[in-house]
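Shown next, in structure tokens, is the structure this report addresses.
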Amino acid sequence: ALFPTSITTGQTMQLKGLNPDENSDIFIYSTTGQLIEQFVSTGESTIQLDAAQVAGCYQVVVKSPSITQILRYIVNNK
């Protein structure tokens with residue numbers, strides 16, 4: 001799960017519920033499909049994600065051996 005799902009630029013979110021026994025690939029995409037950032041989580045159940053610097057809607061794709069999940073969040077201007 002991604003908390004919070006609506007933030008302002010410069011804030012941090014938490015991605016929770018990752019399996020610490022698996023490596024998870026995490027991709028952040030803009031609404032146009034452009035890859036913004038890519039992370040690999042190794043042995044963590046929660047990671048911190050920084051909000052994009054531009055207001056808009058973004059998608060977080062989490063891929064691991066046991067799940068593929070798409071989450072969405074909104075970035076608002078300060």
Side-chain angles (χ1 to χ4, degrees):
L2 186 63
F3 299 102
T5 57
S6 180
I7 57 176
T8 57
T9 55
Q11 286 187 315
T12 302
M13 302 171 290
Q14 288 188 347
L15 181 60
K16 295 183 176 187
L18 300 173
N19 185 343
D21 297 328
E22 298 177 339
N23 290 346
S24 298
D25 294 313
I26 301 157
F27 306 92
I28 300 177
Y29 293 96
S30 69
T31 53
T32 61
Q34 179 183 3
L35 179 63
I36 305 294
E37 289 188 75
Q38 180 177 348
F39 305 94
V40 175
S41 171
T42 55
E44 300 159 304
S45 62
T46 301
I47 63 166
Q48 301 283 334
L49 299 174
D50 293 326
Q53 297 301 312
V54 178
C57 185
Y58 295 87
Q59 294 184 351
V60 178
V61 178
V62 180
K63 292 184 179 182
S64 72
S66 62
I67 65 162
T68 296
Q69 186 173 24
I70 299 173
L71 307 163
R72 291 175 179 80
Y73 70 96
I74 297 171
V75 176
N76 300 299
N77 288 324
K78 287 184 179 180

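In this chain, residues are counted from 1 in sequence order. Please read these numbers as outputs of a predicted model, since none were measured by experiment.
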Supply the atom-to-atom distance [X] [atom1] to [Y] [atom2], rounded to the nearest 0.5 angstrom.
X     : Y     : atom1 : atom2 : result
Leu2  : Gln59 : CG    : CD    : 12.0 Å
Tyr58 : Ser30 : OH    : OG    : 7.0 Å
Met13 : Asp50 : CE    : CG    : 8.0 Å
Lys63 : Glu22 : NZ    : CD    : 14.5 Å
Ile28 : Gln34 : CD1   : CD    : 12.5 Å
Phe27 : Ile70 : CZ    : CD1   : 11.5 Å

Under 3.5 Å, is there a donor-acceptor pair between the Ser45 and Asn19 side chains?
no

With clusters defined by side-chain heavy atoms of hydrophobic residues (ILVMFWY) lying less than 4.5 Å apart, directly or transitively, does Ile67 cluster with Leu71?
yes

Joint hydrophobic cluster, Val61 plus Leu35, side-chain heavy atoms closer than 4.5 Å
yes

Minimum heavy-atom separation for [X] to [Y], with atom names?
X     : Y     : result
Lys78 : Thr9  : CE-O, 2.9 Å
Ile7  : Ala51 : CD1-CB, 3.1 Å
Pro65 : Asn23 : CD-O, 3.7 Å

Apply side-chain contact (heavy atoms from CB on, under 4.5 Å) to residues Ile26 and Ser41 and explain how you reach the verdict.
CA-CA 7 Å; Ile26 301 157; Ser41 171; 4.0 Å; yes

Under the side-chain contact (heavy atoms from CB on, under 4.5 Å) rule, what do Leu49 and Phe39 come out as? Steps first, then yes or no, please.
CA-CA 9 Å; Leu49 299 174; Phe39 305 94; 3.6 Å; yes

Sorted by chain and residue number, the side chain to side chain donor-acceptor pair (under 3.5 Å) partners of Gln38 (sequence neighbours excluded) come out as none

Among all residues two or more places apart in sequence or in another chain, which pass the side chain to side chain donor-acceptor pair (under 3.5 Å) test with Asp25?
none

Do Tyr29 and Ile36 pass the side-chain contact (heavy atoms from CB on, under 4.5 Å) test, and can you show the C-alpha distance, the side-chain angles, and the key distance before you say yes or no?
CA-CA 5 Å; Tyr29 293 96; Ile36 305 294; 5.7 Å; no

Beyond-backbone contact of Thr5 with Phe3, side-chain heavy atoms, under 4.5 angstrom:
no

Apply side-chain hydrogen bond (donor to acceptor under 3.5 Å, both in side chains) to the pair Ser6 and Asn76, showing each step before the final yes or no.
CA-CA 7 Å; Ser6 180; Asn76 300 299; 3.2 Å; yes

Please lay out, stage by stage, how Leu15 and Thr46 fare under the test side-chain contact (heavy atoms from CB on, under 4.5 Å).
CA-CA 5 Å; Leu15 181 60; Thr46 301; over 6 Å; no

